[in-house]
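Please read the structure below before turning to the comments.
Note on naming: letters A, B, ... go to the chains in the order of the sequence lines (proteins, then strands), and numbering restarts at 1 for each one.
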Amino acid sequence: MPAITLPDGSVRSFPGAVTGTEIAAAIGPGLARAALAMVVNGAEMDMAREITEDAQVKFITRKDEAALELIRHDAAHVLAEAVQALYPGTQVTIGPSIENGFYYDFYRNEPFTPDDLPAIEAKMREIIAANAPFTREVLDRDDAIAYFTLKGESFKAELIRDLPADQTITIYRQGEWLDLCRGPHLPSTGAVGTAFKLMKTAGAYWRGNAKNPMLSRIYGTAWRDQKELDAYLHQLEEAERRDHRRIGREMDLFHIQEEAVGSIFWHQKGWKLYRTVEAYIRRRLEQNGYEEVRTPQLVDRKLWEMSGHWDKYRKNMFIAEVVEEESTLALKPMNCPCHVQIFKQGLRSYRQLPMRMAEFGACHRYEPSGALHGIMRVRAFTQDDAHIFCTEDQIADETVRFVELLESVYKDFGFESFTVKFSDRPETRAGSDEVWDRAEAALKSACEKAGVDYTLNPGEGAFYGPKLEFVLRDAIGRDWQCGTIQVDFVLPERLDAEYVTSESGRARPVMLHRAIIGSFERFLGILIEQYAGRFPLWLAPTQVVVATIVSDADPYAEEVAEALRSAGLTVELDTSNQKIQAKIRDHSLHHVPNILVVGRKEAEERKVALRRLGGAAQEILPLEEVVALLKTEATPPDLRRN
RNA sequence: GCUGUCAUAGCUCAGGGGUAGAGCACUUCAUUGGUAAUGAAGAGGUCCUGGGUUCAAUUCCCAGUGACAGCACCA
């Protein structure tokens, strides 16, 4: 006699085992039609599953967010059926729901191309129209392996073989087709609906390992209704408009060319933006007790051998050799060993710790060609790097200080939220387990102290220590690691850094590797997308354009521009022979935040017409007032606080 | 690096076995105008590079390089 408790608190009893479909029908025909799945004591299940004991039950309908995952997962099954119907001999592997949609990985001699998608999508619509019910069956493990092996589905058989011994093996049928799946599923294929679209094809390694065969992946997006799908497709178009590579060209910020792959040619305006960010970070570091240094670009391989980088990253380093010299030099891929060299000059005392050594370190890494992405992932980049040499006791406090600084910096740049990942020991690493235990424990307790919520990223730490990663999201929803703090007991040991303790003994310092924005290149890319080129005034590469209406106003316009320049603003003067409408349009398209329009009237009255980007209204103000106003507005956020 | 797609004017793109076109941008001339495009004229191309097929290749084939998407990688 199961008693079913519903979300409104009401209880319904049933004489015996009862399915979700039956419960929904008992409540009402509307719900019976709308229910896609149910949640039984917190676990999602198919409508057809039987409930034999008392339970809390709620139903998922198309109105619920939770329906999205079911729709996407089922769309993946439908995709797989369609592909096997159209391309016999293709093996299925896995097909999960993902953010915004789903994918399915297939094994096939000939990879799918975008040209194949229309036919596959059409087939999917047929399968959905046929509306076959999804039915669940429990299989014996060996039978399941035998079944898929016989069918020639070796990838599926491998999956089952690797499932934990205690896991129930289930398959789901839809019409003639079936797939290994844990479920749950919608009642039938028709419930997937028509608000989906196949998006692209791609290669992907079996089980995410580059040593395994490459599969052919088909990506799709799926939504609850057409309106949601349209909104998503529109959002993609918007994202494309704010792509930093596009805005970088349109605003004349930078370019990249074949002769220097992965390196950036910063144009005047882009470099201005870069320098603004750099000056800001430099001020923040100085306020926070960091000392800036500069270390060599080319360093003998001996140092990299000692640090362990040569062994692990040699393939990713740029090597420089000279005919006249025996030695092999490497362009530095990171700054830490160099900073240790500075630390090692002279005897250090415990009184000097923590020592916070910062460098805008220009680094080079030979990144795999496929990893390059605009200015976000490059081969030549500059880190806002710093190493904090401290005692083990100081790790927690220093981490807290760092996180506070990082939060404040992100906020100043307009990033209100970010995620944190905690990466612990990787498989190949330096240092003993005992050292790793200490390092991980120290970082964890620091997180607690700093009140940092993190998700665990197992096995993703640096080879010398665990790390926190601070992740920002770009316009298209891609995540980019920017900030990081890493606890390192290993490098000081390897490079023999030590200080004199209060008892006159010698001890190893701990190194905290840390960066807030990560690399200037990546961060500027994210900033460009964050603001879609419409920067706040303090960041805007061109802050003001003075545009004339008639050439009689030219001398006054020059005077206006000069007054603004004297106030420290970046100004362009547009006295070109064009109508004011065209000038407004041109500068607006280039995202100039302020246009000062001057004509005869303004020249006579010594005023200016201030027009804000995107606004239609103008404000007529006396010259001195505008200068003071814009000067205040252009003050960087940290200087405003002072 | 792997899989796929792509490479034509500064930009966005069309075209196609007989050495090329549009819009915008650019230059010049006329126009001096009041808040998102004034008009006219002009200039601009090794059709990514190398090889092959062909009477003829920018177009077809092969290789390379680069870009894009995804995967793998990211000290």
By the 4.0 Å heavy-atom rule, please label [X] as base, sugar-phosphate, or nothing.
X: A:Glu602; result: base
X: A:His513; result: nothing
X: A:Lys332; result: nothing
X: A:Ile595; result: nothing
X: A:Arg217; result: sugar-phosphate
X: A:Lys601; result: base
X: A:Ile549; result: base

Please state whether the rings of A:Tyr410 and A:Phe415 are parallel, tilted or perpendicular, taking 30° and 60° as the class boundaries.
perpendicular
Please work out whether the ring planes of A:His77 and A:His73 are parallel, tilted or perpendicular, with thresholds of 30° and 60°.
perpendicular
Is any NZ, NE, NH1 or NH2 atom of the basic residue among A:Glu529 and A:Arg246 found under 4.0 Å from an Asp or Glu carboxylate oxygen of the other?
no
Sugar-phosphate atoms are those with a prime plus P, OP1 and OP2; base atoms are the rest. Using that split, label each nucleotide of nucleotides 1-13 of chain B B, S or - for protein heavy atoms under 4.0 Å, 5' to 3'.
BBBSS-----SS-
Do A:Glu367 and A:Asn316 pair up side chain to side chain, a donor and an acceptor below 3.5 Å, judged on atom types alone?
no
Side-chain donor-acceptor contact under 3.5 Å, A:Tyr205 with A:Arg207:
no
Rounded to the nearest angstrom, tell me the gap between atom [atom1] in [X] and atom [atom2] in [N].
X: A:His309; N: B:C74; atom1: NE2; atom2: P; value: 13 Å
X: A:Asn316; N: B:A72; atom1: CG; atom2: C1'; value: 13 Å
X: A:Glu250; N: B:C24; atom1: CD; atom2: P; value: 17 Å

Examine B:U32: is either OP1 or OP2 under 4.0 Å from a nitrogen or oxygen in the side chain of A:Arg600? Give yes or no.
no
What's the spacing between A:Leu86 CG and A:Lys123 NZ if we round to 0.5 Å?
6.0 Å
Separation of A:Phe535 CZ from A:Thr542 OG1 (nearest 0.5 Å)
11.0 Å
Can you say whether a donor on the side chain of [X] sits under 3.5 Å from an acceptor on the base of [N], or the other way round?
X: A:Gln581; N: B:U35; result: no
X: A:Arg429; N: B:A75; result: no
X: A:Arg377; N: B:C74; result: yes

What nucleotide among B:C74, B:A36, B:G70 has an atom nearest to a side-chain atom of A:Glu367?
B:C74
Expressed as a whole number of Å, how far does the P atom of B:A57 sit from that of B:U49?
15 Å
